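Reckoned from all heavy atoms, side chains included, excluding hydrogens, waters and symmetry mates. Note that ligands are numbered from 1 as they come in the structure, with each ligand's atoms numbered from 1 the same way. Quick caveat: nothing in here was measured; it's all calculated off a predicted structure.
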Amino acid sequence: MTNILVVDDEADLEPLLTGWFRRKIQQRTYAFQFARNGYEALDKLRSDATIDILLVDINMPEMDGLALLAELPALNPMLRAVMVSAYSDMTNIRTAMNRGAFDFVCKPIDFGDLELTINKTAQYVNELRESQQRKVIDELKSRFFDNITHEFRTPLTLILSPVERLLAQYTETDDLRRHLLTVERNAQRLLRLINQLLDLAKLEAGYLTLTPAPGDLGQLIGQTLQGFAPAAEARGLSLSYHNELPGTYWFDAERIEQIVYNLVSNALKFTLFGGVTVRVSPLSPTTDDGPTVRLEVADTGIGIIAEKLPYIFNRFYQVGSESGNRRLAGTGQTEPGTGIGLALINELTDLMSGTVAVTSTVRPPGTPTTAPDYGTQFTVDLPLPRAVGNDPLDGQRITSSGSRPIRPPDVPVAHLPGPATRPPDTADDGTGRPLVLVVEDNDDLRAFLHETLADQYRVLTAANGTDAWALIQAELPDVVVSDVMMPVMDGYELTQRLKASPDTNHIAVVLLTAKVTHNNRVEGLTYGADDYLTKPFHADELQLRLRNLVDRQRNLREHYHRELARPDGPAPMDTVADTFLRRVYAIIEAHLDDSSLSVDGLAGALSMSRKTLYRKVQSLTQLSPNELIRQYRLRQGADLLRAGHNVSETAYRVGFETAAYFGKCFKEAYGITPSEMLAQDLPKP
Ligand code: ADP
């Protein structure tokens, strides 16, 4: 039913309208309400959100139709207005149309024309409402996909990560290790299946978007194939790869990997003798957006009978299923398959505007195994743009901005940094271990993270963003490792707060996320996250990334410390990029000759607590605020001396009360007295 509000100061319109539309009112197609002026109409609009159409006279006393029109978008954006005015009133009608009125009718009203106009408007409003509803449902669905992915990946992380740790520990081949390998293999398989199912669902709902980036496609495929080498070898099958691509292309690495993975695992699965050949080669496109890359996966396997070929790209279809998996017997495979892989490939190639085709020849019973020309060939043609060599978005730059076209190879365990062997230099608790805050709402995962990190870090934990934020402000950890999806305050918001506050913005943030799409990654990085890890993550990888972040912080700290500890070289201000330190330096500079500038004074000028100032300066420079002030003064003193000022004048100018004390501190800091330095140094130009 379409709800129509008629706004007109003439009372006789009401019976005329209800008379004309009696039928439609009885059929409940239309319902009319009436208002005598603009204010009454506003009241009705405010109390009734179901009004779809406003039929409004332009000329009314008090509030006229144009004024009412201006209020509509804020009141109800779905509503559309049909203006009513005299035929001669074209100026106002034009104005109304320009201000967003949907249509107009002229007085005296031709009711036949009015009915057509209202029908048309009603249809438009209904379509608008439907598309709005669809959007809401779409958003719900999309959130559902994210949530469900999260729900599956968290427990899988909790299976895979501990198993991987145990496997690294128990290297002897025995029952325990065999069982662990079974757990690992099956958890991996489950993860892959879930990902594929969700991808397929997303594809069908139209939510899967591609995130192409330039990269070496041939190399990526090669890497994916490497994973199959052991299995092929174990079954006595050959696996050969021909990469004939000339350079870099734009592609979505994750999706290409999925296609290659599925084709090759099928090919190996259904092949008993011979092997699998993979080829990737350039195509000369016949049209502007024609395919440019061809991927072929050919096997010498059991083949697919011609009648079944048209169906294999259907969801859940399995050739063997009707014949009780007879075809699978003898391939040594225990995994019966799901019929998802090819459907996913079909949808993915479609999404990439490409095609997938198959040809197959079934090997007749009794044919010698060495006979050639039997088996199955899949051909995927994709229109992938070439990435030009010096494209500004090419190669390394993309990599460093966080979207990597090529997944880095797994980090061998042997290369992992060992337990903290460096001298205690990173934190101020005396143990030298950096302080890490783990924020994760899943109790098991939080405990697991705590245990994983406890060897090398002091660890604090919080179960949600709000608790975490309080802890961060109180403890100023070196690094925060946070889940993204959490109740109360999520990881993005936490990151945003942390990075927006001058007290805490030096703290590094690693986000743990089940959301693997490029956009989500970018979202995290936009809020200032320093790194992210996708669940399920490898404990090793987390360790490595934390170590990198902590090392980076330490290097920076050492750099600032070193620069400040030199009596020469560029001015301190010219060596720091950190905005906080720059502010500190500027304040000290402004009080250079003021010997009374204290740590409290500095904290006050920065409007931060003494404790926060201490922690922040310490974590940026390895110095206490007091030491920092003194170092800065001495450094500026060295410049003044070189510029020809004598020691007592210099001492006074950089805020030391006596020349003797200045000389003593100078010697302590640089190992030489001011006059010795002058004797060594040539004066600065
Ligand atoms: P799954 O392999 O999980 O059953 P797919 O969608 O990947 O699902 O494959 C669907 C069916 O197509 C398989 O069950 C199999 O019967 C057939 N098939 C796919 N690839 C090959 C191949 N290389 N050789 C023979 N049969 C194949």
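Proximity of Asp299 to ligand 1, defined as any heavy-atom pair under 4.0 Å, is confined to the side chain (atoms from C-beta onward).
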Practice item. Given salt bridge (Lys or Arg N to Asp or Glu O under 4.0 Å), test Arg446 with Asp441 step by step and report yes or no. Key: CA-CA 7 Å; Arg446 191 171 61 246; Asp441 58 337; over 6 Å; no

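The pair Asp174-Arg177 does not count as a salt bridge, with every side-chain nitrogen at least 4.0 angstrom from each carboxylate oxygen. A salt bridge links Asp530 to Lys499: one of the charged nitrogens lies within less than 4.0 Å of a carboxylate oxygen. Contact check on Lys135 versus Glu130 returns no salt bridge, with no Lys/Arg side-chain nitrogen under 4.0 Å from an Asp/Glu carboxylate oxygen.
The backbone N or O of Asn346 sits less than 3.5 Å from a side-chain atom of Thr349, completing a donor-acceptor pair. Remark: side-chain polar atoms of Asp216 are not paired, donor with acceptor, to backbone N or O of Thr248 under 3.5 angstrom.
Checked against a 3.5 angstrom limit, the closest N/O atoms of Phe378 and ligand 1 fall outside it. Residue Leu342 has at least one N or O atom closer than 3.5 Å to an N or O atom of ligand 1.
Heavy-atom contacts of Ile340 reach the following atoms of ligand 1: 6 (O), 8 (O) (cutoff under 4.0 Å). Every atom of ligand 1 is numbered from 1 in the order shown, and the set under 4.0 Å from a heavy atom of Ala267 is 23 (N).
Ranked by closest heavy atom to atom 8 (O) of ligand 1, the top entry among Gly375, Gly303, Gly339, Ser265 is Gly339.
Using a 4.0 Å heavy-atom cutoff, Lys308 is absent from the residues neighbouring ligand 1. Residue Gly301 places every heavy atom at 4.0 Å or more from ligand 1. Ligand 1 lies less than 4.0 angstrom from a heavy atom belonging to Ile304.
In this model, no donor atom of one side chain and acceptor atom of the other lie less than 3.5 Å apart for Tyr241 and Arg279.
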